[in-house]
Amino acid sequence: MELVVTSFSVDLYQNKYLSTSDRYLHAVLVVRIDGVAKQSVAAAEVLLVDCSSSMDWPPTKIANARKAAEAAIDSLRDGTMFAIVSGTATATMRFPATEELCAANPDTRARAKAVAANLVANGGTAMSTWLALANRLLGQHPHAIRHALLLTDGVNQGEAPADLHRVLDQCRGRFTCDARGIGDDWKPEELRTIASVLQGTADAVVEDEELVADFGQIIQSSMGKVVRDLRLRIHTPPFVEVDFVWQVAPTRLPLVSADVADGGVEVATGPWGEETREFLIGLRLDDLSGRPQLEDLQLGRVGLATEDAIGTLPAELPILGHITGDVTLSTQIHDLVSRHTVQAKLTEKLGEGWANFGEGDRDAAARAWGEAAKMATELGNEEVLRRLRRLVDIEDAARGLVHLKESVRPRDGFSLILSDLSWQSDAAREPVPVGEPVKCPQCKTLSPAGSAVCMANGHPLGGAS
């Protein structure tokens, strides 16, 4: 059955004005899918549940892991191909018994939940084996939206780090994976690596009993995906190259680009449902001193590509540059670009504070987290502030004054440094005008297209030509 997306939109936000010494240009692309037709889309799901010995203590970990697996199974749509895998030093099929997926229906759900309710903790931890089995299982369904959900409570000490990285490279682009850590003895860096490569989310289970609801929400989100892979296609002239592309909202993920046959690069963004995402695009510029001034230059164009039948894709948008000697224009940073730049600095400060805390330097941790509280307040990032408050008492967020709590659980720190939940833009925000700049009739300063007054001196521009 053909899938139809009734509303698909893209907006580009940037400051196009450049000086001849500029070597970088940043732009934010906002992509939205709205009004998805309610049609069945093939889906495949693998639950990777840590069953190592450490899951037995405290007993709430394995008990809630069993309940969470049952909740995930209940959230599967009829017809979804699925499996349960127990992860230890090896990966073991629990349901079905053979290395394949089975279709979700009332009977298979009941049998799978019975298996999940009897998962036993015993063994070590080697996550590469879990992901390798998920890759083999999901690889049997190349036309489905493929997703894995991984839960662990421990360090991946049953194998060399190179083993995990090798398998992640094999899995890249084949399925997405959300990862969750439970307890206080796992490494957030390992989960961040898994989620970053496999374009998922990573987070800490702060209270064991919260795992059930979290698993249900993750599977419901996965069931809402309708496009297998939406790609950004970026073309640039010879004197410009794509330096990086990050997904910056609702989560921060570095994205990998690949050359395409007709020039330019493509960047895979994974499966989509009815949602909005934001992408920060960085372009590297050659010497601009010989380029035309006082006119718009097309430094690139960006569009969307997919093999799924989703109707008509929006037209490509130009990424513009306008070389000017007016520093009041060339030194401006678009508000949305600035916010995502500050968000990146906020993430760094959260990690810096946790590193200081781990080294026993509570004063340095308080300073870093105080700066983080100030930036989060400026951004309106309430989620980071909520997680910060588990570790510090915030005296004055605007001034960055905080005091560390006497008792801090590792899981609260893990939750904080995995809180890459970026500031989401207002859907009503208007793109930057892309017409000709307006010259002030009095002081001759250039202001952006559409300006009513001179940005330098406030002179009215109604009579400007």
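Start at 1 with the first residue, then count along the sequence.
Cation-pi geometry between R362 and F357 is not met at under 6.0 angstrom from the ring centre and within 45 degrees of the axis.
Side chain of R228 to backbone of P271: no donor-acceptor contact under 3.5 angstrom is found. Between the Q170 side chain and the H165 main chain, no donor and acceptor come within less than 3.5 Å of each other. At least one donor-acceptor pair under 3.5 Å links the side chain of T269 to the backbone N or O of L230. Judged by distance alone, the side chain of S419 and the main-chain N or O of L416 form a donor-acceptor pair under 3.5 Å. Looking only at distances, no side-chain donor or acceptor of Q14 sits under 3.5 Å from a matching main-chain atom of V28. Remark: side-chain polar atoms of R77 are paired, donor with acceptor, to backbone N or O of V41 under 3.5 angstrom. With S196 contributing its side chain and T193 its backbone, the two residues share no donor-acceptor pair below 3.5 Å. No donor-acceptor pair under 3.5 Å is formed between the side chain of T80 and the backbone N or O of L76. A donor-acceptor pair under 3.5 Å is absent between the side-chain atoms of R284 and the main chain of Y24, judged by distance alone. Between the side chain of N15 and the backbone N or O of L329, at least one donor-acceptor pair lies under 3.5 Å.
In this model, no donor atom of one side chain and acceptor atom of the other lie less than 3.5 Å apart for Q293 and T324.
Separating the CD1 atom in I33 from the OG1 atom in T276 is a distance of 9.0 Å, to the nearest 0.5 Å. Of the inter-residue distances, the one linking L297 atom CG with H322 atom NE2 reads 8.0 Å to the nearest 0.5 angstrom. Within the model, atoms CG of L149 and OG of S221 stand 11.0 Å from one another, a figure rounded to the nearest 0.5 Å. To the nearest 0.5 Å, atom CD of residue E241 and atom CG of residue D286 are 7.5 Å apart. Taking CG of D243 as the start and CD1 of I281 as the end, the distance is 12.0 Å to the nearest 0.5 Å. To the nearest 0.5 angstrom, I145 atom CD1 is 12.5 Å from L138 atom CG.
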- prompt: Taking it one step at a time, do S415 and R390 satisfy side chain to side chain donor-acceptor pair (under 3.5 Å)?
  reply: CA-CA 10 Å; S415 171; R390 298 191 188 120; 2.9 Å; yes
- prompt: Run the salt bridge (Lys or Arg N to Asp or Glu O under 4.0 Å) check on D169 and R172 step by step: do they pass?
  reply: CA-CA 5 Å; D169 284 340; R172 187 192 302 271; 3.3 Å; yes
task: List the steps, then state whether salt bridge (Lys or Arg N to Asp or Glu O under 4.0 Å) holds for D412 with R389.
output: CA-CA 10 Å; D412 292 322; R389 290 189 181 98; over 6 Å; no
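The nearest pair of heavy atoms linking L288 to S19 is CD1-O, 3.8 Å. Of all heavy-atom pairs between A397 and T377, the closest is CB-OG1, 3.1 Å. Looking at every heavy atom in both residues, A91 comes nearest to V85 through CB-CG1, 3.9 Å. Of all the heavy atoms in L12 and A27, the pair that sits closest is CD1-CB, 4.0 Å. Across G300 and P237, no two heavy atoms sit closer than the pair N-CD, 4.1 Å. In terms of heavy atoms, L350 sits closest to I417 at O-CG2, 3.7 Å.
Using a 4.5 Å cut-off on side-chain heavy atoms (C-beta onward), F414 and R409 make no contact. Residues V10 and V30 have side chains not in contact (no heavy-atom distance under 4.5 Å, counting atoms from C-beta outward). V167 places none of its side-chain heavy atoms less than 4.5 Å from the side chain of L164. L101 has its side chain within reach of V46: a pair of non-hydrogen atoms, C-beta onward, lies under 4.5 Å apart. Inter-residue side-chain proximity for F215 and L151 is flagged as met; some heavy-atom pair is nearer than 4.5 Å. Side-chain contact between L133 and W130 is absent, with no heavy-atom pair separated by less than 4.5 Å. You'll find the side chain of P314 reaches within 4.5 Å of the side chain of L304, heavy atoms only. When side chains are defined from C-beta on, M223 does not count as touching S75, because their heavy atoms never get closer than 4.5 Å.
Salt bridge annotation for D11-R32: present, with a cationic side-chain nitrogen under 4.0 angstrom from a carboxylate oxygen. A salt bridge links R231 to E307: one of the charged nitrogens lies within less than 4.0 Å of a carboxylate oxygen. Between E383 and R386 a salt bridge is recorded (basic side-chain N to carboxylate O distance below 4.0 Å). Ion pairing between E352 and K345 fails under the 4.0 Å rule for side-chain N and carboxylate O.
Screening residues 173-190 for side-chain hydrogen bond (donor to acceptor under 3.5 Å, both in side chains), with sequence neighbours left out, gives N135-R174, H147-D178, D178-T201, R180-T201, R180-D214, D184-R411. For residues 144-160, the pairs satisfying salt bridge (Lys or Arg N to Asp or Glu O under 4.0 Å) are K61-D153, with sequence neighbours left out.
Y13 and H334 have tilted rings, their planes meeting at an angle from 30° to 60° on a 0 to 90° scale.
Checked options L253, L29, V267; the residue passing with V245 is V267 (criterion: side-chain contact (heavy atoms from CB on, under 4.5 Å)). The residue from K374, H340, R339 that alone fulfils the side-chain contact (heavy atoms from CB on, under 4.5 Å) condition with L379 is R339.
Atom NZ of K405 has more than 12 heavy atoms from other residues, nucleotides or ligands within 6.0 Å.
Taking the ring centroids of H26 and F244, they lie under the 6.0 Å cut-off.
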